[in-house]
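As structure tokens, the structure follows; a few thoughts come after it.
Residue numbers begin at 1 in each chain, while the letters A, B, ... track the order of the sequences.
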2 protein chains.
Amino acid sequence: MPPKPRRTERRSDALSKERIIAAAIDVLDTDGEGALTFRALATRLTTGSGAIYWHVANKDDLLAATTDHVIAQAMTGARVDAAPDDAIRAIALAVFDAIHARPWVGTQISREPWQSGTRRIFEGLGQQLQALGVPERAQFDSASALVSYMLGLAAQYAAGARLVARKTSRTGFLTDVVARWTQDEPDQYPFVQQIADELREHDDREQFRAGIDLILAGIAAIR
Amino acid sequence: MPPKPRRTERRSDALSKERIIAAAIDVLDTDGEGALTFRALATRLTTGSGAIYWHVANKDDLLAATTDHVIAQAMTGARVDAAPDDAIRAIALAVFDAIHARPWVGTQISREPWQSGTRRIFEGLGQQLQALGVPERAQFDSASALVSYMLGLAAQYAAGARLVARKTSRTGFLTDVVARWTQDEPDQYPFVQQIADELREHDDREQFRAGIDLILAGIAAIR
DNA sequence: ACCTGAACACCGTTCAAGT
DNA sequence: ACCTGAACACCGTTCAAGT
């Protein structure tokens with residue numbers, strides 16, 4: 001006699017939060033942030049748009065869940081068995097790479113930073129700061145500085161990717177920004193003028209790494 | 001004989017980009033980000049919603065202009081005649097205070113960072129980094145790190161304010177965040193557990209200042 | 001040149017009705 | 001318990017028509 005199906009067992013085509021999240025990630029990856037609507041999601045899941053609300057509170061909830069999913073994955077991939085400062089670099093770069101691969105994660109995490117994705121990052125960095133020997137009274141501020149920096153760069157990167165989608169390439173987008181930033185009132189902005197070439201040609205990942213190093217140097221100096 | 005009215009002269013009740021920006025700021029300050037619609041704006045300006053499009057390309061353009069207006073004002077207020085590192089602190093705090101007073105500026109500048117508000121901040125910081133004696137090769141990365149950090153904190157602050165609007169107070173909002181961050185799987189998040197009290201009770205402005213100091217210490221260490 | 005306001009093509013969300 | 005899909009209450013944006 002086969003066991004009675006438990007309440008948690010479901011037909012594989014039944015709707016679930018996991019299936020909805022997977023479909024949402026697929027839409028976001030394939031067609032971009034603007035394409036994620038409940039109607040599109042319902043079509044892809046061959047269901048009614050109202051059905052999604054049985055598993056998900058609303059769009060914010062859905063976006064929070066997808067973002068947390070991606071961040072959790074990225075954090076799992078980060079090598080944390082290295083020296084504490086290298087582990088911090090690894091965590092930061094893992095998050096950077098996840099956002100590089102999916103710019104919509106950057107949009108979401110900078111729009112709603114008080115969610116569990118941020119908690120994961122905070123925890124991962126905090127543990128390494130402790131291992132690094134940062135005094136307890138400085139741990140919160142140090143972790144917070146790292147997180148804020150990462151969120152800020154995530155926002156820039158996501159915004160850039162959104163523009164790239166409309167323009168041709170990344171170079172084209174930065175060329176555009178530099179053009180706008182240097183053309184009017186150039187004498188009012190000598191510094192921007194000076195770093196224009198670097199801005200146009202810099203490597204995002206390298207600059208991100210440099211910023212993390214700067215903050216780590218600051219933490220070391222204060223310690 | 002009175003002079004012929006020049007083409008740029010207008011009746012005071014005529015629509016203009018400046019009047020639209022002022023009205024938009026008023027709506028945002030008074031009724032929040034959700035209340036800024038072209039219909040609401042048109043009503044406040046006693047005109048048709050389509051008329052606004054004669055002066056403003058679209059909603060993004062309008063938001064960019066309002067944000068730039070506020071940032072320009074904040075930058076003007078920053079005391080830049082002090083020692084370079086204090087001038088950097090002054091600029092950072094001026095921006096922080098502007099966002100504290102108008103959280104919607106934080107939302108906007110972190111959503112669309114590649115706009116003239118960011119250019120102003122970048123320039124202001126860059127000039128002081130030069131005065132500080134930061135070697136030219138490190139100036140771009142240093143300014144970029146400061147800007148990213150500020151944008152990240154702006155995003156957090158704006159998101160917090162959005163939640164506060166729905167909840168009671170700032171304390172209530174942070175109590176909520178801490179509750180969510182500590183209740184499930186507490187053993188997975190020992191660091192978050194440890195800094196829970198600090199997170200709940202910390203002063204945003206002080207923590208922001210601490211982060212700037214950390215980055216400045218890092219810049220000094222690298223120099 | 002500038003303004004009007006109805007119309008268009010969308011949204012997220014709700015909810016009575018089904019199974 | 002879960003799903004359906006029409007309906008509601010919005011949006012930003014366009015555009016023929018006015019002055």
Problem set entry | Nucleotide paired to D:dG12 in any strand shown, Watson-Crick or G-U, under 3.5 Å |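 C:dC8 - that is the nucleotide pairing with D:dG12, both distances being under 3.5 Å.
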For this session: Tell which nucleotide pairs with D:dC2, taking only Watson-Crick or G-U wobble pairs whose two distances are both under 3.5 angstrom.
Result: C:dG18
Between [N] ([atom2]) and [X] ([atom1]): distance, integer Å:
| X | N | atom1 | atom2 | result |
| --- | --- | --- | --- | --- |
| A:Arg39 | D:dG5 | CZ | P | 13 Å |
| B:Glu33 | D:dC10 | CD | P | 19 Å |
| A:Leu62 | C:dT13 | CG | P | 10 Å |
| B:Leu15 | C:dC3 | CG | P | 5 Å |
| B:Leu63 | D:dT13 | CG | C1' | 15 Å |
| A:Phe38 | C:dC10 | CZ | P | 18 Å |
| B:His55 | D:dT14 | NE2 | C1' | 16 Å |
| B:Leu45 | C:dG5 | CG | C1' | 16 Å |

Problem set entry | Centroid separation B:Tyr189 to A:Phe122 less than 6.0 Å |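 They do not qualify: ring centres at least 6.0 Å apart.
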Which nucleotide wins on minimum distance to the side chain of [X], given the candidates [options]?
| X | options | value |
| --- | --- | --- |
| A:Thr37 | C:dC3, C:dG12, C:dT13 | C:dG12 |
| A:Lys59 | D:dC3, D:dG12, C:dG12 | C:dG12 |
| A:Ala51 | C:dG12, C:dC3, D:dC3 | D:dC3 |
| A:Ser49 | D:dG12, C:dT13, D:dC3 | C:dT13 |

Exercise. Any idea how B:Tyr157 and B:His100 line up, ring-wise: parallel (<30°), tilted (30 to 60°), or perpendicular (>60°)?
Worked result: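 B:Tyr157 and B:His100: tilted rings.
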Exercise. Base, sugar-phosphate, or nothing for A:Leu36, non-hydrogen atoms under 4.0 angstrom?
Worked result: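 Since only primed, P, OP1 and OP2 atoms lie under 4.0 Å of A:Leu36, the category is sugar-phosphate.
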Exercise. With sugar-phosphate meaning primed atoms plus P, OP1 and OP2, does B:Ile52 contact a base, only sugar-phosphate, or nothing at under 4.0 Å between heavy atoms?
Worked result: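 The answer is nothing, as B:Ile52 stays clear of every strand by at least 4.0 Å.
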For this session: Could you say whether B:Gly50 or A:Gly50 is positioned toward the 5' end of DNA chain C, judged by the nucleotide with the nearest heavy atom to each?
Result: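 Nearest-nucleotide comparison on DNA chain C picks B:Gly50.
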Exercise. Are OP1 or OP2 of D:dC3 and a side-chain N or O of A:Trp54 less than 4.0 angstrom apart?
Worked result: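 No, outside the criterion.
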Problem set entry | Carboxylate-amine/guanidinium proximity below 4.0 Å for A:Asp68 and A:Arg119 |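 Salt bridge: no.
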Exercise. Does B:Glu206 come within less than 4.0 Å of B:Arg209, counting only side-chain N to carboxylate O?
Worked result: yes
Problem set entry | Minimum side-chain heavy-atom gap B:Met150-A:Ser148 below 4.5 Å |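 No, side chains not in contact.
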